[in-house]
Amino acid sequence: MSADRRKLGSATLLVTSTVGAFCAFATTSTAALAQGRPSTLAMTCGQARSLLAARGAAVLGTGGYTYDRFVRDRSFCEPTQVTRNAFVPTRDTPDCLVGYRCIEPGRNWFDDE
């Protein structure tokens with residue numbers, strides 16, 4: 001009878017540790033999703049440029065609910081895309097040349113070209 005209890009106890013311990021590991025993984029995943037995108041309004045122009053230079057490409061918040069994807073150079077764009085200078089507001093300047101945006105040439109969907 002005591003041997004049966006030991007088996008049950010070890011199985012319970014295994015299930016408990018597996019559930020604990022899953023909960024720890026789920027918490028880590030949720031924490032990663034909860035992180036907001038970096039905001040250019042909280043950075044100086046130099047910090048925003050450095051961030052983009054280090055990462056190569058990043059989605060940055062540019063104020064309120066607006067955001068965009070910015071790249072260091074054309075190598076981070078699709079093969080059919082070209083780059084256009086990207087100016088964003090930062091803590092120390094209203095128009096900081098942070099890097100580039102990838103755009104499809106010849107398409108003027110939002111009258112922004």
Side-chain angles (χ1 to χ4, degrees):
M1 189 180 229
S2 62
D4 291 337
R5 286 186 182 178
R6 279 187 291 201
K7 285 184 182 176
L8 181 59
S10 64
T12 304
L13 179 61
L14 178 63
V15 170
T16 304
S17 65
T18 304
V19 170
F22 175 74
C23 289
F25 175 73
T27 303
T28 304
S29 299
T30 304
L33 291 174
Q35 293 176 352
R37 69 182 62 86
S39 173
T40 61
L41 297 175
M43 297 181 237
T44 64
C45 187
Q47 289 172 330
R49 286 184 193 161
S50 295
L51 176 75
L52 198 56
R55 291 187 183 179
V59 176
L60 301 174
T62 56
Y65 296 105
T66 61
Y67 60 92
D68 206 342
R69 180 175 183 267
F70 302 96
V71 297
R72 176 178 57 210
D73 56 53
R74 190 174 175 285
S75 69
F76 293 93
C77 299
E78 294 294 322
T80 59
Q81 294 178 324
V82 295
T83 57
R84 168 171 270 182
N85 290 346
F87 294 91
V88 296
T90 58
R91 190 173 60 198
D92 60 344
T93 182
D95 289 318
C96 170
L97 176 61
V98 72
Y100 305 96
R101 287 187 179 99
C102 299
I103 61 165
E104 288 289 338
R107 294 193 180 167
N108 192 11
W109 293 336
F110 301 107
D111 197 34
D112 61 355
E113 292 185 44

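Model, not experiment: these values are computed from the prediction. Scope of the values below: all heavy atoms of this structure, side chains included, with no hydrogens, waters or symmetry mates. Throughout, residue positions are numbered sequentially from 1 according to the sequence presented.
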Would Met43 and Ser39 count as a side-chain contact (heavy atoms from CB on, under 4.5 Å) if you check the C-alpha gap in whole Å, the side-chain angles of each, and the deciding distance to 0.1 Å? CA-CA 7 Å; Met43 297 181 237; Ser39 173; 5.8 Å; no
In terms of heavy-atom contacts, Arg101 and Asp68 come closest through NE-OD2, 2.6 Å
Side chains of Thr62 and Phe70: does their closest heavy-atom pair fall under 4.5 Å? yes
Contact check, side chains of Arg69 and Cys102, non-hydrogen atoms, under 4.5 Å: yes
Please report the shortest heavy-atom distance between Arg91 and Ala42, naming the atom on each side. NH1-O, 3.4 Å
Heavy-atom closest pair, residues Asp95 and Phe87: O-CD2, 4.1 Å
Check Val71 against Ala57 and note the closest heavy-atom contact, atom names and distance. CG1-CB, 4.0 Å
Output yes when a side-chain donor or acceptor of Arg74 lies under 3.5 Å from a complementary backbone atom of Pro79, and no otherwise. yes
Apply side chain to side chain donor-acceptor pair (under 3.5 Å) to Thr83 and list each qualifying residue two or more places apart in sequence or on a separate chain. none
Other cluster members, Leu41 - Ile/Leu/Val/Met/Phe/Trp/Tyr, side-chain contacts below 4.5 Å: none
Does Tyr100, at its OH atom, have more than 12 non-hydrogen atoms belonging to other residues, nucleotides or ligands within less than 6.0 Å? no
Can you name the closest pair of heavy atoms from Asp92 and Cys45 and give their distance? OD1-N, 2.9 Å
Can you check whether Thr90 reaches Thr40 side chain to side chain, under 4.5 Å on heavy atoms? yes
Would a distance-only check, ignoring hydrogens and angles, find a side-chain to backbone donor-acceptor pair under 3.5 Å from Thr66 to Gly61? no
Any side-chain heavy atom of Gln47 within less than 4.5 Å of one from Pro38? no
Checking Arg72 side chain against Ala53 main chain: does a donor-acceptor pair fall under 3.5 Å? yes
Path from Val88 to Leu51 over hydrophobic side-chain contacts below 4.5 Å: yes
